[in-house]
Amino acid sequence: MLTRETIVNIVLAALLLAVPLAANASGQPFYVTIATRVAILALAATGLNLALGLGGLVSFGHAAFFGIGGYAAGILASHSFSGEPLLFGLSGTKQMPLIWVVAMLVAGLVGLLIGTISLRTSGVYFIMITLAFAQMVYYFAISWPAYGGEDGLSILVRNQFAGVNTMKPVSFFLICYVLLMLALGLFVLVRGSRFGSALQAARQNEVRVATVGIAPYRIRLTAFAISAAMTGLAGALYADLNRFVSPSMLSWHMSGELIVLIILGGTGRLFGPLAGAALFVIFEYLLGGLTERWQFFLGLILLATVLFARGGLLGLLAGKARHG
Amino acid sequence: MLLDVSKIEASYGASQALFGVDLAVAEGEAVALMGRNGMGKTTTIRAICNLNPPRAGSVRLAGTDLKGKPSHRVAKLGIGLVPEGRRCFPNLTVHENLVAAARPGAWTLDRVNVLFPRLAERHAQMARSLSGGEQQMLAIGRALMTNPRLLILDEATEGLAPVIRQAIWAAIRKLKAEGLSILVVDKTLSELLPVADRCVILENGRSVWQGPPAALTADLQDRYLGV
Amino acid sequence: MAEPVLELSDLVKNFGALRATDHVSIDLKPGEIHALIGPNGAGKSTLIHQICGTVRQDSGTIRFAGQDIGHLGVAERSRLGLGRTFQVSSLAPEFSALRNVMLAVQAQQGTSFGFFKPVMRDASLIDRSMAMLKRVGLQDRARLAAAELSHGERRQLEIAIALALNSKAFLLDEPMAGMGPEGSKSLTGFLDTLRQEAPILLVEHDMDAVFALADRISVLVYGRIIATGTVEEIRRDPAVRAAYLGDHA
Amino acid sequence: MTLALALEQLLNGLQLGVMLFLMAAGLTLIFGVMGLINLAHGSLYMVGAFACAAVASATGSFWIGLIASFACAAAAGAIVELLVIRRLYDRDHLDQVLATFALILIFSEGTRWLFGSFPLYLDIPRLLQGAVALPGGAQYPVYRLAIIAAGALVALGLYLLIGKTRLGMRIRAGESDREMIGALGVDIRTLYTVVFALGAALAGFAGAMVGALQSVQVGMGEPVLILAFVVIVIGGIGSIKGALLGALLVGVVDTMGRFLLPQVLALFVPPSQAGLIGGAAASMLIYVMMALILAVKPRGLFAAAHA
Amino acid sequence: MKKLISAATLALSMSVSGLAVAEPLKIGMITTLSGGGAGLGIDTRDGFMLAIKQAGNDEIEVITEDDGQKPELAVQIADKMVQSDQVDILTGIVWSNLLMAVAPSAVAQGKFYVSTNAAPAALAGENCNPLYFNAAYQNDNLHEAMGEYANKDYKKMFIMAPNYPAGKDSLTGFKRFYKGEVTSEVYTQVGQTDYAAEIAQIRASGADGVFAFLPGGMGIAFMKQYAQSGVKISIMGPGFSFSQDVLGAIGDAALGVKNSGHWAKDLDNEANKKFVEAFQAEYGRLPSIYAVQAYDAGQLIASAAAKADVKDTEAFRAELLKADIQSPRGKFKFNINQHPIQDIYVREVVKDGDVLTNKIIAPVFTDHEDAYAKDCKM
């Protein structure tokens, strides 16, 4: 039996596929780029949603993982371009799948590191510590000269994926779309798994989880690292979309925006990040076209969402969230 | 009637806890609110103070309907609460606990200190370092400093040593003698009944019996209150 | 005499100037129900927190199932078989009753790092959990969210969870609180059968239940055990009468 | 390195610390009393600076501007509290973060709307211009000394307010038991508005004081806000004492790190490299310090009982 | 609300004037119109539009978009302009990091990029490109000029810049020409607002001059704090730290500071007088160096458009290279790497009535070329 939410989700997924394909067919490749941006931001936010939505871990530092993923892509590509060896004689690469693996590994490892310290705390402490760690990575990226510092790092030609011309906007979009759908699938699996049970229970009642003999810390740390890796993957794709990485991917505004996506879409919902990303990009595009003050109105909309429409877009479309 | 509670219903979280409580306190009267654990005594008191506003029924204090009034307005209208668990402010000194929310009137710091000399001795001590009995005195003193017309004591002597309990009951008798209206909850009937003018018994969120202490037979005690 | 399952020796805990636990020594022997009573604020909660590991004692030892657990975390103590219910129900409110129990079963099976297999299609979890719900009489409420259960049902659910953990001892914190007389009566009967499974340390205000169930009673006042003994010994003890039971005991 | 230089850098660290304290005190007070995390605190700092610059340029007096900064930030704080913040007390931290994040966008763009994108001019008052001699031959700006003094006065004032007045007692009582203080007849909602406005006024005051030293521009509050977060996390959220200690620690460590790290590195690598690497390391130093402190004390140096 | 939207549409229609022309030359201007750096972008836009307006060529259409000083946004706008609007030329970016994000991929897609300000070394040497022109300078130029200028009176210099690539280029540029001793080379944090620690080091350094490259708010903060510090060592810097947009906020603390520039309001030539007058008449304020550079970029494009079709890339490029314009800077021609060869002056901040502004003292370089042109193989 299909619930209303499932129907809304299917419609959203279909729309995200149909709109850019139609735009491409009618010679409007720019809308394909916009849709790609939606897909990538949704992927990043889905990563965050794993920690935030399922685990209740309000990370205000996920830009760090997004940026690290981006830099992984940028650095590998630039070494491949220049031919200089990277580390321990390893060379760079322009192969997307390899770049993705590296991006996820590095982001996941950094997530593990940051999580190890920050998960010892909770509540506001956790919010602020993740924020501060992200700032640390941000300042490092700005002042470390090797990879462009504040100027960022260009990837002159988009990286490659076997058998696909990635420079064609619609091909690259499809790659991102497939990855997003895979990530959403993974999210569903994890949510229904033993691990997901423990993670969600730890959000609802930490003491209860500990009392049945599951250490919440390890569950959360694992979730945080997976979440970081997924957001890192999105970062690598974002780098390829823009053919450019810069420290602004690591800024705390980016962390804030990722949370905004989830809330706009609907906290804890599978398709919340996608709905939120679509809404956000459309706002940015429409409002940005109307007025240079678009951030002012974005602020108002966001405030209204938090105060009066807590379910976000999916809450409006599909009713209250149901829990298993 | 000073306090007139009529058919109130209230919920605690998702589940309903009160299903119709009637209770009244006349000027200068001491009323004992009784019942086993979990029968709704504390919820009734919270409902009166609008800490848990009742869903139905009415609470009137000296004729004023308390409906919709935030708890601080209720307090200002003349209810002084000594809550279950005392809830003194642990990070404030005894002196500060007494004056923080004080309102002008007959009760002053000096009079409270006369009533409870122990508090005067410990005026500079943090409330968290007081013993249970001293905390109870502080909670009563704190409520008196707001110069209430009606003093509500939830579990007036619970968990206190016998000696201290005698001191608390003595103070309550004194307050009653001065004409203060009192609504009191306590488990120790032998100490409570001599103080009360009237008793109200709750069972499963309803008021099931009212009457003078003399009418509270052993049979009734066994049925509603017995251990 | 059988070796105690749980043994607290000379436990001390201070909060600043306040001594919440004052050289407490009690034990729990196989097959018995040992009730812990005392006025509010006497330090029962602090004591339970120390047994479960949420509060660390200042000195003294806690031995459970033959080993010193005083330095272990909450989850580790649970894994050793310390089953606990809470004074105020502590459940995962959004999860169904069934899924709350399933969490305990999966913990008991020792694998919470499965990422792919859906729990709702895992017969090894569901069957055992349903069996536990049946034992406490909640099988018809299995699909309701814990938040939607009544107060008494949540208590029953907590016990089902403790059962699912194959506990070697139960630590029940005021299980009767907030139950109607009917509920108390049936729960009393249930606890009486539960003692076959594992001994129970029972913290309870409901004297009917305590006197009906307990093999031994300890009375805690101001952080100190003032008496330990059988029901009759405690009823007669003048210190206990003065401090706690009062004249009408 | 001479003694005079060391002394001067220590004063610099102290001054930065004092300024951070003004920000952190408000943040930590608001968290301690209302349990609210307020990202828009930096915006109130900005409001103070803009109010001071605008009023100072209209009236020609820095001092009137300073009063205006206090008043405007307090008013902005009170209005925001009444319209938005009080709906957030019962929400979880996520909602609070988001709503106050939205407020940052509104404040920043709103200010830009009103004042344009160019930085505003705000100069140090004549009375406090120039420098005084320090022992050891160096000189130190009078204005920075004034900031240190002002910060010390505010710290003292806060201590007296919180510790000695009825308002302070109620604030502390509200911290430990909000419902009870209400049940005793204190209007907790008004109290919260007052506390929020007070925190805002402190931030605005800091913004005005610092605005005269820096450029008054949109977004000026954000770097300070993040530093203030680091301060209160180190100090223990909700603790004014912790905020003071944390602020001084961050101020001194940051200043000394920026100054010493390149010099230490210069012993090992060429100066120009030392400058680069030292600079990079110095910018992360306080975060490393925070991580170390939290690894040992996860709730900061002076953890409040709850939080 | 209504008023707001109509104001916004007005702004929009202004920026897309000349919409109704058939088959025009399309220029995409990406610049910073919101956020902290908006002042620079607004001057860029206004200077550029002034040149286009003066050219009176109906066939030129300009589409303007705000990048918010965010590289990702700039890239997305560039994609949109190239893919959807099918512009022929991109221009307007203020910041090096945004330029590095946009320009290489734009020229790779066969579009012209004419820079109005940003001029990173990376695009001036080996990686120069036939389609990439810079109408402003090369990033190092103004720093080099101060290095040269410092040789005259200063034996020991304290040099300082933010810790990011442009800052490193700056100090490298300065040292390329400065022959004296560098006592310290300090890199500050990007966006830093308190310079007490650095000022203390300056005081203790024993240098007789300070060269500081601190653009925007950083420079404002530094100058105000320096003026209060009691340190009397004289300050110099590149022109951007003392351009018209920041002088007002620095206030009198900037008086007397020497800085380098390839233009000043009082530069004595006919084109400059006309430009300053026209700009003031059009916008009611003094132009900044960003406005001049954008004005020249506009002139360059218009001059080439008058003689060649932009679709004929080779011909259009040849016309651009001729630089057949009357620049307010005076002499202006392109080097082989398509960066300007121009004079660079030392200026001093003075008070003109109530307004602080720059006055030219003397030329430092004539026909100055950048250091990277020799690596450009075109």
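Below, read A as the first sequence line, B as the second, and so on, with proteins coming before strands; counting in each chain starts at 1.
The aromatic rings of A/His62 and A/Phe65 stand perpendicular to each other, their planes meeting at an angle above 60°, with 30° marking the opposite boundary. Taking the six-membered ring where the residue is Trp, E/Phe240 and E/Tyr137 present tilted rings, their angle falling between 30° and 60°. Under the 30°/60° scheme for interplanar angles, the aromatic rings of E/Tyr132 and E/His339 are found to be tilted.
Counting heavy atoms from C-beta on, the side chains of A/Phe66 and A/Leu43 never come closer than 4.5 Å.
At a 4.5 Å heavy-atom cutoff, the contact between E/Lys80 and chain A is made by backbone and side-chain atoms alike. Using a 4.5 Å cut-off between heavy atoms, A/Pro169 touches chain E through its side chain atoms alone. Using a 4.5 Å cut-off between heavy atoms, A/Phe244 contacts chain E through its side chain alone, with no backbone atom that close. Contact annotation for E/Gln86: neither backbone nor side-chain heavy atoms come within less than 4.5 Å of a heavy atom of chain A. In this structure, chain A has no heavy atom under 4.5 Å from any part of E/Glu65. Contacts between A/Tyr285 and chain E at a heavy-atom distance below 4.5 Å involve the side chain alone, from C-beta outward.
Ranked by heavy-atom pairs under 4.5 Å with chain A, the first of E/Glu72, E/Gln189, E/Lys168 is E/Glu72. Looking only at heavy-atom pairs under 4.5 Å with chain E, the residue among A/Arg243, A/Glu284, A/Gln28 that has the most is A/Arg243. Interface remark: of the candidates E/Asp79, E/Leu73, E/Val102, E/Asp79 forms the most heavy-atom pairs closer than 4.5 Å to chain A. Ranked by heavy-atom pairs shorter than 4.5 Å toward chain A, the options E/Ala101, E/Ala108, E/Ser84, E/Pro162 are led by E/Ala101.
Salt bridge absent: E/Lys111 and E/Asp88 never bring a charged side-chain N and a carboxylate O closer than 4.0 Å.
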message: Applying ring-ring contact (aromatic ring centres under 6.0 Å, His included) to E/Tyr113 and E/Phe133, what does each step give before you reach the verdict?
response: CA-CA 6 Å; E/Tyr113 189 93; E/Phe133 283 80; over 10 Å; no

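When the shell of 6.0 Å around CD of E/Glu126 is examined, it contains 12 or fewer heavy atoms from other residues, nucleotides or ligands.
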